[in-house]
2 protein chains.
Amino acid sequence: MQSTTLSKATLSRLPLYLQYVRTVEGSMISATIIARNLGLGEVQVRKDLRMISQAGQPKVGYPVQQLRRDLEMALGIHQKISAVIVGAGKMGTALMDYDGFHEYGLEIAAAFDNHASQVPFRHGNMSIYAMSKLKSFCQQYDVRLGILTVPASAAQDAADQMVASGIAAILNFAPCHIRVPAHVIVRQMNVALAMAHLNLMVHQENKEQEETHYGKQIV
Amino acid sequence: MQSTTLSKATLSRLPLYLQYVRTVEGSMISATIIARNLGLGEVQVRKDLRMISQAGQPKVGYPVQQLRRDLEMALGIHQKISAVIVGAGKMGTALMDYDGFHEYGLEIAAAFDNHASQVPFRHGNMSIYAMSKLKSFCQQYDVRLGILTVPASAAQDAADQMVASGIAAILNFAPCHIRVPAHVIVRQMNVALAMAHLNLMVHQENKEQEETHYGKQIV
DNA sequence: CATGAATCGATCATTCGTTATCGATAGATA
DNA sequence: TATCTATCGATAACGAATGATCGATTCATG
């Protein structure tokens, strides 16, 4: 593992690389090809990859397997990461069945909901507990990550309970701002705003002229 | 509306501002307060807001209502935006019920699925059509935005059909890379990778020392 | 009315990120 | 073997984004 800290920009592109590299057939892959497929500059790709892998070779590129391992190592998904889901409504239960988690080393440890009875209920092979159990659960299993999928009206209250339970980072699907203390990170997953952003970009793209053959990917 | 193009960085923060401003009580709000609540620098906030609003006044700040209108105008959500959902599984149907869309001027025009029968089926007040109807629908109603919520194995095929239907931007929930032509924008919504990213940040944050009182928000 | 505090907005400096260029290397080919 | 090409990696130039500083403005207060 490399010791130099990765830049924020590089860090945000690593998931993109990993997601792409996992689809690559064959044993070798070059930065040129990756760049073309992701709509990035090839120098940038090379620089990013250089930060997390020493496996590049002139003329041949990177061994796919090794690059993939290096990316996973850099992203810290070589070991299981545990997270909880708070809010077992439509979105919450949909995420419980999301097929991407296990591929990326992520394990949803449990779900919590205000309307769960005190007795654990199950969804598939996942337990849904009452919110009152959140703190003891997170502390017992040392869970630091949470996905927030309650309605906007309940978001702040739920977030407060997550913070009190020791959650250090929240993926917020509720379409509203939540206030948290400085040591907690919130990543917004406001689908409506993401769409508004895309809509803007579509309008802006029309004024520009692109030369790459494949489409631009955004993290 | 301002004519100068907004920088990419500014653009990505506007949703955050709007989401926050909508929660503000009272008639005036200052950049200082906004910055503190979003974990950003106050100069940066002032600079961003300056780009989209001329309503700032020394000592008092911005009128909340006006700032909100300006943000909505800049984000282009003062008018209805239409989008389609492709994939009416758990995630797709959960998004149909997402409570954030109407607040942000977004209208889900219809949903499409491979397993829908030829006769339209309804979920709530939304129609679910067969994929074969996608192209004619998008062209008839001039829909340019799509949300992709099919399993990873079906993602590329579905994306191809969306592109062929005239979709210009895709919000991709499938945990995989999809290849699109250069004029199409893809925004990844890989929840697992977002969590991995958060996990990394939590580990990195521990090494730093933060001084702001409220937590850092990520778009 | 004079003073002070809070805020805006502009300029400048600095840091961060991207792009261009070039030499080095490994394989392919004549 | 000599040459050619694709690729890597490093350096340097460029551009974008952030942060610091300062004057200007407005309200509050004595």
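By convention in this document, chain letters (A, B, ...) are assigned in the order of the sequence lines, proteins followed by strands, and residues within each chain are numbered from 1. None of the values given here were measured: they were computed from a predicted structure.
Of all heavy-atom pairs between B/Tyr20 and A/His177, the closest is CD1-CD2, 3.5 Å. Contact between B/Gly100 and A/Pro175 at its shortest, heavy atoms only, is CA-CG, 3.6 Å.
Within the 3.5 Å criterion, the main-chain N or O of A/Ala192 finds no donor-acceptor partner in the side chain of B/Tyr98.
Looking at B/Gln66 and B/Asp70, their side chains do bring a donor and an acceptor atom within 3.5 Å of each other. B/Arg68 and B/Gln65 share no side-chain donor-acceptor pair at under 3.5 Å.
Taking every nucleotide of DNA chain D with any atom under 4.0 Å from a non-hydrogen atom of chain B, the first and last of them, 5' to 3', are D/dA17 to D/dC27.
Within 4.0 Å of B/Lys8, counting heavy atoms only, lie sugar-phosphate atoms of the nucleic acid but no base atom. Nucleic acid contact class of A/Thr10 (heavy atoms, under 4.0 Å, all strands): none.
Where B/Val43 and A/Gln44 meet DNA chain C, the nucleotide closest to each residue was compared, and B/Val43 sits on the side nearer the 5' end.
With sequence neighbours excluded, no residue forms a salt bridge (Lys or Arg N to Asp or Glu O under 4.0 Å) with A/Lys47.
Taking only side-chain nitrogens and oxygens, A/Ser7 comes nearer than 4.0 Å to OP1 or OP2 of C/dG17.
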Side chain to side chain contact (heavy atoms under 4.5 Å, CB included) assessment of A/Leu95 paired with B/Lys90 = CA-CA 8 Å; A/Leu95 285 178; B/Lys90 294 248 174 63; over 6 Å; no

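Nucleotide C/dT11 holds its C1' atom 9 Å from the NZ atom of B/Lys47, rounded to whole Å.
Just one residue in the list B/Leu145, B/Leu106, B/Ile108, B/Val143 forms a side-chain contact (heavy atoms from CB on, under 4.5 Å) with B/Ser82, and that residue is B/Val143.
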Interface polar pairs with nucleotides 5-8 of chain C, N/O, under 3.5 angstrom:
residue	atom	partner	partner atom	Å
C/dA6	O4'	B/Lys59	NZ	3.2
C/dT7	O4'	B/Lys59	N	3.4
C/dC8	OP1	B/Ala31	N	2.9
C/dC8	OP2	B/Arg46	NE	2.6
C/dC8	OP2	B/Arg46	NH2	2.7

